[in-house]
Amino acid sequence: MKTKFVLFFSLIIITTAILYSCKKENLEEGMTASETPLTPYTISSPNYMPQLHIPADNPLTVEGIELGRKLYYDTILSNSGISCSSCHFQSYAFSNPTVNSLPHMNLAWNNKFLWIGSEEGVLENAMIFEVEDFFQTDISKLNNHNSYPGLFKRVFQTTNITAHHVAYALAQFVRTQVSINSKFDQYLRYETMLTPSEMNGFVIYNSERGDCFHCHTLGLFNDNNFHNIGIDSIFAGQNKGRYNITLDSTDLGKFKTPSLRNVELTAPYMHDGRFSTLEQVVEHYNSQVKITPSLDPILTKPNHQFGLQLNNQEKADLVAFLKTLTDTSFITNQALSNP
Amino acid sequence: MRLLFYAFLVALVITLLGACNKNDNFFPEKIKLTVKLNHVIDGNPLVFDTLVFFNEAGNNYEITRLEYYISNIKLHSDFLGDYESNDIIYVDAANPESCSFTLNNVPSGKYNSISYTIGIDSIRNVSYYLPNTNENIGMAWPDGMGGGYHFLKLEGHYLYNTVSTGFAIHLGSNPFQVNGSFNQEFMLGYNPYQIKMEMNVNEWFKNPITYNLQTDGNYTMGSALLMNKIRVNGHDVFTLKNN
């Protein structure tokens with residue numbers, strides 16, 4: 001009996017010692033015992049948006065998003081005094097009217113980035129490009145900063161900040177730049193009505209009459225794909241588009257479909273900003289499509305016609321509908337502004 | 001005497017159990033079947049963006065996009081009965097990963113035919129029935145035109161009066177589902193369990209209706225007449241091929 005008793009207690013002591021040593025090891029690798037766990041953050045979206053996939057190695061946390069937000073607005077990222085926010089203004093849906101930057105909006109659902117898909121995959125890939133290639137961030141400035149080392153340690157449990165950590169924090173913040181509360185979203189939620197002109201524009205948009213929906217798919221209002229929409233008949237320089245990545249002649253003049261959410265705020269339009277108004281854009285599709293071998297087949301209308309043949313009222317209605325995609329709560333959201 | 005009775009009882013139970021085990025062997029093994037989808041044009045591999053193909057009407061064409069849903073796959077066996085899958089499978093012919101799927105718990109043995117639907121049955125062809133993904137987000141069919149999903153997107157260019165001109169053969173909305181089948185015996189008896197179904201794209205343009213992109217139309221969406229021509233041609237686009 002005594003032997004059994006001794007054996008039993010020996011086992012408990014050994015088990016406790018093993019568990020304690022495991023715990024100690026984890027704490028040494030990660031946070032200290034006094035720190036509280038990171039706060040998980042979830043993005044909820046309506047059923048007309050695609051399923052959201054967040055990389056397992058970069059889960060959203062309140063602390064990670066805040067760190068990304070701080071970096072987004074901080075010129076420490078560059079060596080020339082600029083930050084992400086220098087080219088992506090919240091009041092323009094995180095685009096820029098002068099340098100024609102693509103808006104930072106709903107990128108969480110994108111898997112191809114920049115006008116010609118220079119980066120593909122998840123946001124982390126795009127952000128690594130921004131940190132290492134675009135900004136060429138001097139990481140030592142972050143490691144020697146008075147507040148960043150503590151913030152990175154808290155979020156990523158690291159005492160050595162790398163470009164990888166910076167990109168992951170930025171990706172977390174950019175993932176929260178979500179615009180899903182436009183007048184059209186409210187209409188879909190039965191919270192408001194569209195005017196007769198807006199409704200007529202929606203019917204044109206979402207039928208073969210205007211045929212916008214094939215590429216600017218409802219919900220995301222893009223299709224994560226590349227198309228030649230007939231704005232050029234001769235391709236040179238940047239106008240070669242996706243060809244500059246693939247060197248495939250069938251990709252000449254193809255560019256990523258931009259989202260039409262907040263399109264009222266993201267002028268000028270097209271990859272080179274050649275159109276300054278939505279009316280000009282609609283007129284392009286209506287009567288100015290240029291025929292080339294790589295022109296998207298969808299641009300050839302029934303009876304082999306090119307151009308939508310919309311009348312003036314229909315064109316005005318289409319523009320009226322596009323303006324229902326403006327999300328004022330997105331451009332005034334304090335959680336996305338300069339901290 | 002009693003001992004003898006119990007011994008007899010035990011022997012009987014063992015015998016019955018043994019018989020049961022033998023009967024179990026009568027039931028066919030349930031297997032995981034891999035279905036591979038291949039896409040050709042009259043026996044030639046489908047190469048995208050290459051203006052080298054001709055259809056029955058003589059249209060010189062190329063394909064830039066081939067996407068569709070295949071569902072209600074049914075394997076029919078005179079011996080085993082029918083196996084039916086409820087899965088709805090999205091296929092992008094340009095993406096090899098989407099051109100293969102598995103059917104679970106398929107009884108192994110000899111089969112006589114396969115039937116399938118290109119598209120989604122009317123019960124399930126309603127907007128947002130399927131979870132949206134980045135891959136199939138472009139397959140939604142506008143609510144104003146009936147809602148649900150595109151069943152087929154076959155797009156490309158063809159020579160129209162010597163000019164490369166686009167065509168978009170789209171099917172969607174009830175009742176333009178394509179119900180196809182083929183009678184070919186095949187045996188699911190050896191591992192790896194796999195069959196290959198091959199779509200001949202040119203079958204969309206013939207049998208029973210010779211579809212001419214130039215005279216019938218280059219854009220089917222919104223035209224019940226044109227979609228129906230394509231629908232009836234689709235009944236035999238697939239055949240079974242040797243792996």
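So you know, we letter chains A, B, ... as the sequences are listed, proteins then strands, and number each from 1. These numbers were taken from a predicted model, which means no experiment stands behind them.
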Which portion of [X] sits near chain A, non-hydrogen atoms under 4.5 angstrom:
{"X": "B/Met145", "result": "side chain"}
{"X": "B/Asp143", "result": "backbone"}
{"X": "B/Leu213", "result": "backbone"}

Residue [X] versus chain B: region with a heavy atom under 4.5 Å:
{"X": "A/Asp248", "value": "neither"}
{"X": "A/Tyr48", "value": "both"}
{"X": "A/Phe202", "value": "neither"}
{"X": "A/Ser207", "value": "both"}
{"X": "A/Thr217", "value": "side chain"}
{"X": "A/Asn47", "value": "both"}

### Summary
Interatomic distance, OH@B/Tyr219 vs CD@A/Glu208, rounded to 0.5 Å, equals 6.5 Å
## Note on the structure
Rounding to 0.5 Å, atoms CG (B/Asp49) and CG (A/Asp251) come to a distance of 7.5 Å
### Query
Mind checking which of residues 225-232 of chain A sit less than 4.5 Å from chain B, heavy atom to heavy atom?
A/Asn225, A/His227
For a 4.5 angstrom cut-off between non-hydrogen side-chain atoms, does [X] reach [Y]?
{"X": "B/Phe167", "Y": "A/Pro297", "answer": "no"}
{"X": "B/Ile137", "Y": "A/Asn224", "answer": "no"}
{"X": "B/Glu155", "Y": "A/Asp296", "answer": "yes"}

### Message
Is it true that, when you exclude A/Glu191 itself, more than 12 heavy atoms of the residues, nucleotides or ligands shown sit nearer than 6.0 Å to its CD?
### Response
yes
### Query
If you count the non-hydrogen atoms of other residues, nucleotides and ligands that lie under 6.0 Å from OH in A/Tyr187, is the total more than 12?
no
### Message
Just to be sure I understand the criterion: a residue of residues 118-135 of chain B counts if one of its heavy atoms is under 4.5 Å from a heavy atom of chain A. Which ones qualify?
### Response
B/Tyr128, B/Pro131, B/Asn132, B/Thr133, B/Asn134
### Query
So, the side chain of A/His304 versus the backbone of B/Gly166: is there a donor-acceptor pair under 3.5 Å, distance only?
no
### Task
Under 4.5 Å, counting heavy-atom pairs only, tell me which of A/Leu299, A/Ile291, A/Leu218, A/Ile298 racks up the most with chain B.
A/Ile298
